[in-house]
2 protein chains.
Amino acid sequence: MPLKVRKNQSPEPPQPCMLTHCMAVISGAWAANVIWSLRAGPRRFNELRTDIPPISAKVLSTRLTELEQRGVLSRNVQPTSPPSVEYALTELGGELVPALEAIVKVGHRLKMRDEG
Amino acid sequence: MPLKVRKNQSPEPPQPCMLTHCMAVISGAWAANVIWSLRAGPRRFNELRTDIPPISAKVLSTRLTELEQRGVLSRNVQPTSPPSVEYALTELGGELVPALEAIVKVGHRLKMRDEG
DNA sequence: TAACCAGGTTTCCTTTAGGTAACTCGATAA
DNA sequence: TTATCGAGTTACCTAAAGGAAACCTGGTTA
């Protein structure tokens with residue numbers, strides 16, 4: 001007799017599409033780090049590069065464009081000379097911060113486990 | 001005069017490596033969905049496949065192996081016939097659930113924004 | 001007038017993650 | 001004895017994401 005596929009025991013139907021949707025936003029290379037870096041305030045392009053040394057200009061640029069399109073951050077050009085460009089989290093972007101905090105917390109435990 | 005690179009204003013030094021570390025765990029394809037599916041209790045291989053229809057056996061198998069190695073879930077074989085294999089979150093895995101809940105929450109807001 | 005800065009873009013290349021599909025294996029049911 | 005099931009492997013292929021390095025542009029300053 002074939003095994004029955006048990007109904008998933010969750011109290012309410014889960015929403016995997018929401019999960020997938022949001023994961024798509026934060027799982028691009030360095031996306032989470034960019035958001036994390038912005039959580040304390042606006043940051044310029046080259047500041048982000050020094051915050052996240054291994055990121056290349058190309059990937060940073062790609063990621064910033066993506067995140068802006070998704071409404072997570074805003075880009076605004078300061079009319080200074082030379083003009084500088086500031087990136088900042090939007091309100092929506094700010095809502096990602098608690099999620100990332102939770103992730104960092106688990107990161108700690110994972111590292112403890114890996115190291116001993 | 002070159003622009004100064006402002007110090008990042010965060011109150012405490014951020015821990016981007018923790019973030020990267022943990023993101024590595026949950027950002028593989030369908031990894032978050034697998035964990036999400038297990039949050040309500042143990043699940044068998046084929047149950048996970050029906051929970052997450054687009055996942056292929058190969059990727060599911062890869063992901064389960066990875067997640068087990070990282071201590072996020074446990075695998076145990078029930079001596080039934082045919083033997084069935086149950087996957088369940090470990091305590092460490094359980095700590096990822098609040099993070100995923102936070103992510104789902106933002107997923108909702110992202111979707112609202114995209115749709116209307 | 002040559003070099004430098006900020007903030008990118010472009011080109012090119014490589015890797016690798018992921019998808020498909022076919023196959024395995026031991027046990028059991030028809 | 002053939003088919004089915006659960007639980008995976010294995011082989012193969014491809015798209016696309018990411019890295020490196022060079023280049024660009026408009027202004028500035030040495």
Side-chain angles (χ1 to χ4, degrees), chain A residues 1-8 16 19-20 23-34 37-38 42-70 73-88, chain B residues 1-8 16 20 23-35 37-38 42-70 73-88:
Chain A
M1 181 180 36
L3 294 180
K4 273 183 220 160
V5 172
R6 297 167 295 183
K7 251 183 112 155
N8 195 321
L19 185 58
T20 307
M23 283 305 296
V25 172
I26 61 175
S27 65
W30 310 111
N33 300 74
V34 168
S37 198
L38 292 178
R43 226 64 188 125
R44 284 182 276 110
F45 192 87
N46 282 336
E47 288 176 332
L48 289 169
R49 292 196 71 182
T50 70
D51 288 350
I52 312 167
I55 200 174
S56 70
K58 179 196 158 194
V59 169
L60 178 54
S61 168
T62 307
R63 209 82 318 143
L64 289 170
T65 306
E66 262 178 35
L67 292 173
E68 191 193 357
Q69 277 167 8
R70 296 183 189 268
L73 55 80
S74 63
R75 176 181 192 275
N76 71 47
V77 180
Q78 305 292 92
T80 56
S81 157
S84 77
V85 181
E86 283 205 339
Y87 296 90
Chain B
M1 180 179 36
L3 295 179
K4 272 183 220 159
V5 172
R6 298 167 294 183
K7 248 181 115 155
N8 196 321
T20 306
M23 283 305 296
V25 172
I26 62 175
S27 65
W30 311 111
N33 301 72
V34 168
I35 297 166
S37 198
L38 292 179
R43 227 59 190 129
R44 282 183 277 111
F45 191 86
N46 283 337
E47 288 175 332
L48 289 169
R49 291 195 72 181
T50 71
D51 289 348
I52 313 167
I55 201 173
S56 68
K58 178 195 159 194
V59 170
L60 178 53
S61 167
T62 307
R63 210 80 320 144
L64 290 170
T65 305
E66 261 177 38
L67 292 173
E68 191 193 356
Q69 276 167 8
R70 295 184 189 270
L73 56 81
S74 63
R75 175 181 193 277
N76 70 49
V77 182
Q78 305 293 91
T80 56
S81 158
S84 78
V85 180
E86 285 204 337
Y87 296 91

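The chains referred to below are lettered A, B, ... by the order of the sequence lines, with proteins before strands, and numbering in each begins at 1.
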Nearest-nucleotide pick for [X], side chain only, options being [options]:
X: B:R75; options: C:dG19, D:dG8, C:dA6; answer: D:dG8
X: B:S84; options: D:dA7, D:dG8, C:dG7; answer: D:dA7
X: B:V85; options: D:dG8, D:dG6, C:dG8; answer: D:dG8

Determine whether [X] and [Y] make a side-chain contact, defined as any pair of heavy atoms from C-beta on separated by less than 4.5 Å.
X: A:V34; Y: A:I52; answer: yes
X: B:I55; Y: B:L48; answer: no
X: A:L60; Y: A:W30; answer: no

side-chain contact (heavy atoms from CB on, under 4.5 Å) between B:I35 and B:L67, intermediate numbers included: CA-CA 9 Å; B:I35 297 166; B:L67 292 173; 4.3 Å; yes
With sequence neighbours excluded, residues passing side-chain hydrogen bond (donor to acceptor under 3.5 Å, both in side chains) with [X]:
X: A:Q78; answer: none
X: A:R44; answer: A:E47
X: B:R75; answer: B:Y87
X: B:E68; answer: none

Whole Å only: how far is the [atom1] atom of [X] from the [atom2] atom of [N]?
X: B:R49; N: C:dG18; atom1: CZ; atom2: P; result: 16 Å
X: A:N33; N: D:dG18; atom1: CG; atom2: P; result: 12 Å
X: B:I52; N: C:dG19; atom1: CD1; atom2: P; result: 12 Å
X: B:K4; N: C:dC5; atom1: NZ; atom2: P; result: 16 Å
X: A:R44; N: C:dG7; atom1: CZ; atom2: C1'; result: 11 Å
X: A:N76; N: C:dG7; atom1: CG; atom2: C1'; result: 14 Å
X: A:R43; N: C:dA6; atom1: CZ; atom2: P; result: 13 Å
X: B:F45; N: D:dG6; atom1: CZ; atom2: P; result: 12 Å

Sugar-phosphate only, base, or nothing, as touched by B:P83 at under 4.0 Å among non-hydrogen atoms: sugar-phosphate
N or O in side chain of B:Y87 less than 4.0 angstrom from D:dG6 OP1/OP2: no
Distance below 4.0 Å between B:W30 side-chain N/O and C:dA17 OP1 or OP2: no
Nearest-nucleotide 5' precedence on DNA chain D, A:G28 against B:E47: B:E47
DNA chain C contacts among residues 55-64 of chain B, heavy-atom distance under 4.0 Å: B:S56, B:K58, B:V59, B:R63
Sidechain-backbone polar pair: B:S27 side chain, B:M23 backbone, donor-acceptor under 3.5 Å: yes
Donor-acceptor under 3.5 Å (B:S37 side chain, B:N33 main chain): no
Please produce a list of atom pairs where a protein N or O lies less than 3.5 Å from an N or O of nucleotides 28-30 of chain C.
| unit_1 | atom_1 | unit_2 | atom_2 | d |
| --- | --- | --- | --- | --- |
| C:dT28 | OP1 | B:S81 | OG | 2.9 |

